[in-house]
A.B. asks: 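Please see the structure below; I have some questions.
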Amino acid sequence: MLDIRLIRENPDKVNELLKRRNPDLSINSILEIDAQRRKIQAQADDLRAKRKNMSQKIGVMKKNGENTDAIQEEVKQTGEEIKLLEDKEQELDLQQKNLLLSTPNIPDETTPIGSSDADNVEIKKWGEPVHPSFEQKAHWDICTAKNIVDFERGVKLSQSRFSLYRGKGAQLERAIINFFLDTHTKEHGYEEILPPVMVNSSAMTGTGQLPKFAQDMYKCEEEDLYLIPTAEVPVTNIYQGEILNEDELPKYMTAYTPCFRREAGSAGKDTRGLIRQHQFNKVELVKLCTPETSVEEHEKLTRNAERILELLELPYRRVALSTGDIGFSARKCFDLEVWLPSYNAYKEISSCSNFGDFQARRANIRYRNKVTGKPAFVHTLNGSGLAVGRTFAAILENFQNEDGSVTIPKVLRKYTLWDVL
RNA sequence: GGAGUAGUGGCCGAGUAGGUUUAAGGCGGCACCCUGCUAAGGUGUUGUGUGGAGUAAUCUGCACCGUGAGUUCGAAUCUCACCUGCUCCGCCA
């Protein structure tokens, strides 16, 4: 959520930045409602003050045995006026809030300007894709040949885009999860979290999935609960509504969870294999920090994710997302893309975002600033560290041998307890 | 799922025959004083949100006693619904 004061004081600047995302965006209607709202609020406040004083007076008069009929009638009328104004105030408040909740974050000045993913900027490349003499198989063919992912029966059990890992496939998936969590907790200093995978609408609103992206999520009919699309949601919202001590910051948290996405609008995209599933595993990194440190923490978080790829010896590149491709809540975002031979391209495997105070304002996550003594919003960050299913696919494709076997990366062997698939 | 009970400020904890209560008291925090240092003691101060005035320091209005609605001239106090915690019963991995 954008700061209404920022909008009020710098409307042109905010508009200019929003239009970098999408020329149709504008905060003008928010400004109009805000002006109306404040006017009504001032009127209502005055009347409430009047009523308060008169009511207190009635109390005193009654104690003295005086007749209060006339003044009671006056207060009653004032009360009716107040009610009208309050209804209006509430309505405007709601309108303004809805507009604010549906307005995306303003991009950081350093976010490349563009209208789509074609305008993303490559920042760096690591490793060299191998191009062996034999023909590299796609991971879905390797999975089927080795019977480590049963696509057909996964679909039978639920729907398309659900899959069933089995045997060494299930073991490899679990090995990857453990490797990720151990690296982040033991080497990068994150606290391990195992959160609920169903959360309420308040949490979903806090991180920005609601109200705009309800159709992307699975919702429980009977209750106010949604299946999480990412661990970002429960983990970021852990401190919802709280005021933290500045000493407690930065907070580093990591969580493995399954993630659930309806993938509405992705029909026909990545239909084969493990790249785009309705349910997939992911290890997420989440940070809460002070505004002064968020740029530096963002870089460190991105490096934590990159290090995983480097330890696995998977070629990747880092891309800065353009204003046309960046997520709703983010002000700056780096995607990490891993080399996938089946796509003959780099494919997203991690998305590391700095949200500034956008999510913190929605979720009301604050800290007490040591200098001012006043509460201020934290900055929130997160990134995949990494998407597990896509890592699984990348390993199969990049480490396959001519004889059809797959060599397991060295760092994973102590988790799989076998080294060739 | 059934029955009972509770939900007040950073924490503990008063306050219900409705009335000048944002809310006693304590702890903690902060500032100053006392003291050779420490400990102890003394004095004062102490929330959040949202408006208004002012360059600013600051001053000031309103709202907030789980959430929402209602009764009333007036609600922390009364009514209703919901949420959450605790206790007991039932069921259960």
Side-chain angles (χ1 to χ4, degrees), chain A residues 1-11 30-101 194-206 210 220-226 234 237-249 251 288 357 360-378:
Chain A
M1 192 158 61
L2 296 178
D3 183 0
I4 184 65
R5 268 168 265 183
L6 178 78
I7 294 176
R8 227 180 261 156
E9 285 157 26
N10 309 284
I30 296 177
L31 268 182
E32 281 169 33
I33 289 169
D34 182 53
Q36 274 188 60
R37 203 202 88 243
R38 281 190 292 162
K39 202 173 124 197
I40 302 263
Q41 188 192 333
Q43 290 172 6
D45 280 357
D46 286 348
L47 286 182
R48 274 189 287 255
K50 185 177 156 194
R51 176 175 67 183
K52 196 164 144 187
N53 288 328
M54 288 201 292
S55 292
Q56 285 170 355
K57 208 158 126 194
I58 291 171
V60 176
M61 287 170 77
K62 287 213 164 175
K63 212 167 271 178
N64 297 339
E66 298 173 48
N67 182 297
T68 57
D69 290 354
I71 186 167
Q72 278 193 30
E73 182 55 31
E74 194 183 346
V75 176
K76 188 168 189 173
Q77 278 176 25
T78 307
E80 282 159 15
E81 288 177 58
I82 290 172
K83 183 85 178 85
L84 288 176
L85 285 170
E86 278 180 343
D87 288 349
K88 186 73 185 157
E89 191 182 358
Q90 208 169 33
E91 188 196 321
L92 289 169
D93 206 60
L94 194 70
Q95 278 182 33
Q96 176 172 330
K97 194 156 192 205
N98 285 340
L99 284 173
L100 279 172
L101 286 174
L194 189 64
V197 298
M198 299 182 83
V199 302
N200 57 33
S201 54
S202 166
M204 285 295 188
T205 305
L210 287 179
C220 185
E221 274 294 322
E222 309 293 328
E223 332 218 7
D224 178 33
L225 288 173
Y226 297 79
N237 281 290
I238 287 175
Y239 295 103
Q240 187 186 81
E242 299 190 28
I243 302 177
L244 302 165
N245 289 323
E246 189 170 340
D247 299 334
E248 299 175 64
L249 300 176
K251 285 215 178 276
L288 307 183
D357 62 9
R361 185 168 266 114
R362 288 170 158 253
N364 198 21
I365 307 168
R366 294 176 291 175
Y367 74 101
R368 195 167 293 282
N369 184 294
K370 268 188 171 170
V371 177
T372 65
K374 293 289 171 195
F377 291 108
V378 301

A.B. asks: To the nearest Å, give me how far apart CD (A/Gln56) and C1' (B/U20) are.
C.D. replies: 4 Å
A.B. asks: For the P atoms, the ones on B/A24 and on B/U38, what distance do you get once it is rounded to whole angstrom?
C.D. replies: 33 Å
A.B. asks: Determine the Euclidean distance between corresponding C1' atoms of B/A63 and B/U21; express it in Å to zero decimal places.
C.D. replies: 15 Å
A.B. asks: Determine: side-chain N/O of A/Lys52 to OP1/OP2 of B/A63, distance under 4.0 Å, yes or no.
C.D. replies: yes
A.B. asks: Can you name the nearest heavy-atom pair linking A/Arg368 to A/Gly373, along with the distance?
C.D. replies: NH1-O, 2.9 Å
A.B. asks: Taking the C1' atom in each of B/C64 and B/A23, what is the distance between them to the nearest angstrom?
C.D. replies: 12 Å
A.B. asks: Any salt bridge between A/Asp34 and A/Arg38, counting N to O under 4.0 Å?
C.D. replies: yes
A.B. asks: Counting just side-chain N and O atoms, does A/Gln72 come under 4.0 Å of either OP1 or OP2 of B/G19?
C.D. replies: no
A.B. asks: Please give the nucleotide sitting opposite B/C78 as a Watson-Crick or G-U wobble pair, both distances under 3.5 Å, or none.
C.D. replies: B/G70
A.B. asks: Find the distance A/Gln77:CD to B/C73:C1' and express it as a whole number of Å.
C.D. replies: 12 Å
A.B. asks: Are side-chain heavy atoms of A/Val378 and A/Lys251 found at a separation under 4.5 Å?
C.D. replies: no
A.B. asks: Measure the distance from CD on A/Glu9 to P on B/U55 and round it to the nearest whole Å.
C.D. replies: 14 Å
A.B. asks: Rounded to whole angstroms, how far apart are CG on A/Asn53 and C1' on B/G61?
C.D. replies: 11 Å
A.B. asks: Which is more 5' along RNA chain B, the nucleotide nearest A/Ala49 or the one nearest A/Arg5? Just name the residue.
C.D. replies: A/Arg5
A.B. asks: Using purine N1 to pyrimidine N3 plus N6-O4 or O6-N4 for Watson-Crick, or N1-O2 and O6-N3 for G-U wobble, both under 3.5 Å, which nucleotide pairs with B/G1?
C.D. replies: B/C89
A.B. asks: For A/Lys62, answer base if it contacts any base atom (sugar-phosphate contacts may also be present), sugar-phosphate if it contacts only those atoms, and nothing otherwise; contact means non-hydrogen atoms under 4.0 Å.
C.D. replies: base
A.B. asks: Would you call A/Glu74-A/Lys57 a salt bridge at under 4.0 Å N-O?
C.D. replies: no
A.B. asks: Is there a Watson-Crick or G-U wobble partner for B/C11 with both distances under 3.5 Å, and if so, which one is it?
C.D. replies: B/G26
A.B. asks: Please measure how far the P atom in B/G61 lies from the corresponding atom in B/G2, and state the result in whole Å.
C.D. replies: 48 Å
A.B. asks: Could you please name the partner base of B/G49, counting Watson-Crick and G-U wobble pairs only when both distances are under 3.5 Å?
C.D. replies: B/C62
A.B. asks: Can you identify which nucleotide, out of B/G51, B/C73, B/A69, has its nearest atom closest to the A/Arg37 side chain?
C.D. replies: B/G51
A.B. asks: Establish, with yes or no, whether the OP1 or OP2 oxygen of B/G49 is under 4.0 angstrom from a side-chain nitrogen or oxygen of A/Arg366.
C.D. replies: yes
A.B. asks: A/Gln41 side chain: which of B/G51, B/G19, B/U20 is closest?
C.D. replies: B/G51
A.B. asks: Could you measure between the two C1' atoms, the one in B/U77 and the one in B/G7, and give it in whole Å?
C.D. replies: 15 Å
A.B. asks: From CG of A/Asn67 over to P of B/C73, roughly how many Å is that when rounded to an integer?
C.D. replies: 14 Å
A.B. asks: Does the pair A/Lys83/A/Asp87 count as a salt bridge with the N-to-O cut at 4.0 Å?
C.D. replies: yes
A.B. asks: Tell me, yes or no, whether the heavy-atom count around A/Leu194 atom CG, taken from other residues, nucleotides or ligands under 6.0 Å, exceeds 12.
C.D. replies: no
A.B. asks: Can you check the A/Arg51 CZ to B/G74 P distance for me, whole Å?
C.D. replies: 6 Å
A.B. asks: Determine the Euclidean distance between corresponding P atoms of B/G9 and B/G70; express it in Å to zero decimal places.
C.D. replies: 25 Å
A.B. asks: Is the closest side-chain heavy-atom distance between A/Glu89 and A/Ile40 below 4.5 Å?
C.D. replies: yes
A.B. asks: May I have the distance from A/Asn64 (atom CG) to B/U20 (atom P), rounded to whole angstrom?
C.D. replies: 14 Å
A.B. asks: If you find the nucleotide of RNA chain B closest to A/Ile71 and the one closest to A/Ala44, which residue's nucleotide is nearer the 5' end?
C.D. replies: A/Ala44
A.B. asks: Mind calculating the distance between NZ (A/Lys374) and C1' (B/G10) to the nearest angstrom?
C.D. replies: 14 Å
A.B. asks: If the P atom of B/A76 is compared with that of B/C91, how far apart are they to the nearest Å?
C.D. replies: 45 Å
A.B. asks: Taking a pair as Watson-Crick or G-U wobble with both distances under 3.5 Å, which nucleotide is matched to B/A40?
C.D. replies: none
A.B. asks: Checking all strands, does A/Glu89 fall into the base, sugar-phosphate, or nothing category for heavy-atom contacts under 4.0 angstrom?
C.D. replies: nothing
A.B. asks: Mind checking who B/U55 pairs with, Watson-Crick or G-U wobble, both distances under 3.5 Å?
C.D. replies: none
A.B. asks: With respect to the phosphate group of B/C64, does any side-chain polar atom (N or O) of A/Arg48 fall under 4.0 Å of OP1 or OP2?
C.D. replies: no
A.B. asks: Side-chain N or O of A/Arg368 less than 4.0 angstrom from OP1 or OP2 on B/G47?
C.D. replies: no
A.B. asks: When the C1' atoms of B/G15 and B/C65 are considered, how many whole Å apart are they?
C.D. replies: 10 Å
